[in-house]
Amino acid sequence: MTGAAVPAGSPPPIHTLFDTPTAYQVAAADSAAAPPPVRAVLFDFANTLFRMVDAAQWLRLVAADTGRAGALDDPADVDAALAGLVRAYQLPEVVAAQQGRDLSAERHRAAMIAWFGAVDFLRGHESAAHARMLDADSWIPYGDTEPVLRALRERGIRVGVVSDIAWDIRAHVEHRGLGGLVDAYALSFEVGREKPDPELFRKACADLGADPRATLMVGDNPARDGGASAAGLRCFILPAEHRTGERGLRQVLDLVGPPGPHLS
């Protein structure tokens, strides 16, 4: 049932004129059979399981960290700082610095320093702003994250996190008391690959001991998280809208299905 990876540089065989590109091959018998039941679920981290504190709150925390508590008490000053963040992120040199930023801690730091250094409110405080971004208290699980992870655990479903990120988020998950609900992590800065590279998803499946064709990937970015389909996984893509309440993860349980003999 396991799909075999396509050797590097070798295109998969063509079956129809308009095949969807894949990085794996499936035996003819498996291709004709019903898809296997889901036995493992992979989740994106940011904007899927966890969200960062809102930008205005983050700016106030940076202000406090840099001895400027109260500097953003005026809403107009907050709006100006937020507008500065948006403008700076569109600068060509800042855009260029973001390329491949999640492949290492050093590249991520350089990318953030380039961005924050172009913002009037953050200029001269780039390191403090970067540290506050990485701080565990700056990341909050959605209201439905823990219930869904616990329900998957109760059903015998293995859980992994696949994230384009440049620091170890295991501490963030532990900080919120959820560490025991995640079985494996595939993080871009550790693997040296970013989504949608199929190998990042395949590694996560291998670490879980899961068949990619019996694994569901859940995320919020169709271009990146949807890349899991090329590795044989099914995908559930959440709306891109900003959420502060539940993220819509409970629908994952419907896709997994009720506990049964196959989930022992």
Side-chain angles (χ1 to χ4, degrees), residues 1-49 99-104 148-149 152 155-166 169-170 182-238 240 249 251-257 262-263:
M1 180 170 63
T2 301
V6 174
S10 301
I14 186 171
H15 299 289
T16 67
L17 290 180
F18 303 104
D19 283 354
T20 301
T22 65
Y24 70 103
Q25 300 179 31
V26 178
D30 289 331
S31 179
V38 173
R39 299 175 184 263
V41 179
L42 305 180
F43 290 95
D44 173 46
F45 177 73
N47 301 326
T48 299
L49 291 179
Q99 300 303 310
R101 71 184 183 195
D102 291 319
L103 291 173
S104 73
V148 169
L149 293 182
L152 291 173
R155 298 183 187 193
I157 300 293
R158 302 278 285 171
V159 169
V161 170
V162 180
S163 178
D164 283 345
I165 203 153
I169 54 175
R170 295 174 184 86
V182 178
D183 301 298
Y185 293 81
L187 309 181
S188 59
F189 85 102
E190 293 180 336
V191 180
R193 297 172 183 267
E194 292 179 305
K195 305 171 192 174
D197 190 325
E199 290 307 311
L200 192 61
F201 304 104
R202 295 185 73 90
K203 182 187 186 308
C205 291
D207 289 346
L208 290 175
D211 179 351
R213 296 182 67 244
T215 303
L216 174 69
M217 175 66 202
V218 182
D220 68 303
N221 187 312
R224 290 182 173 271
D225 299 315
S229 66
L233 290 77
R234 279 161 277 181
C235 302
F236 177 50
I237 303 300
L238 298 161
L249 294 178
Q251 293 179 7
V252 171
L253 302 179
D254 296 330
L255 295 173
V256 169
H262 62 281
L263 299 179

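We use all heavy atoms of the structure for the numbers below, so side chains are in, but hydrogens, waters and symmetry mates are not. Numbering starts at 1 and runs along the sequence shown.
The distance from the CZ atom of Phe43 to the CG atom of Leu152 is 5.0 Å, given to the nearest 0.5 Å. The CD1 atom of Ile237 sits 7.0 Å away from atom CE of Met217, with the distance rounded to the nearest 0.5 Å. How far CG of Asn47 is from CG of Asp220: 5.0 Å, rounded to the nearest 0.5 Å.
Without hydrogens or angle criteria, Arg224 side chain to Glu194 main chain gives no donor-acceptor distance under 3.5 Å. The closest donor-acceptor contact from the side chain of Ser188 to the backbone of Ile165 lies under 3.5 Å. Remark: the backbone N or O of Phe45 is not paired with any side-chain donor or acceptor of Thr48 at under 3.5 angstrom. Without hydrogens or angle criteria, Arg234 side chain to Arg213 main chain gives a donor-acceptor distance under 3.5 Å.
Looking at Leu42, Asp44, Leu249 one by one, the single match for side-chain contact (heavy atoms from CB on, under 4.5 Å) with Val218 turns out to be Leu249.
Using a 4.0 Å cut-off between charged nitrogen and carboxylate oxygen, Lys203 and Glu190 do not count as a salt-bridge pair. By the 4.0 Å N-to-carboxylate-O rule, Asp225 lies close enough to Lys195 to be salt-bridged with it.
Side chains of Leu103 and Phe189 form no contact here, defined as non-hydrogen atoms less than 4.5 Å apart. For the pair Cys235 and Leu216, the minimum side-chain heavy-atom distance is 4.5 Å or more. Using a 4.5 Å heavy-atom cutoff, the side chains of Val161 and Arg170 are not in contact. For the pair Cys205 and Asp211, the minimum side-chain heavy-atom distance is 4.5 Å or more. Val162 has its side chain out of reach of Leu187: every pair of non-hydrogen atoms, C-beta onward, lies at least 4.5 Å apart.
A pairwise comparison of heavy atoms in Gly227 and Phe201 identifies C-CE1, 3.7 Å as the closest pair. The minimum heavy-atom distance linking Asp197 with Glu199 is given by the pair OD1-N, 2.9 Å. The shortest non-hydrogen separation linking Pro198 to Ala230 is CG-CB, 4.2 Å. Residues Gly160 and Leu208 share a closest heavy-atom pair of N-CD1, 3.9 Å. What you find for Ala166 and Ser104 is that their closest heavy atoms are CB-O, 3.5 Å.
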Taking it one step at a time, do Leu200 and Asp164 satisfy side-chain contact (heavy atoms from CB on, under 4.5 Å)?
-> CA-CA 10 Å; Leu200 192 61; Asp164 283 345; 3.9 Å; yes
Please step through side-chain contact (heavy atoms from CB on, under 4.5 Å) for the pair Val148 and Leu253, ending with a clear verdict.
-> CA-CA 7 Å; Val148 169; Leu253 302 179; 4.2 Å; yes
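Evaluation of the salt bridge (charged side-chain N to carboxylate O under 4.0 Å, His left out) rule for Asp183 yields Arg153, Arg158 as partners, not counting sequence neighbours.
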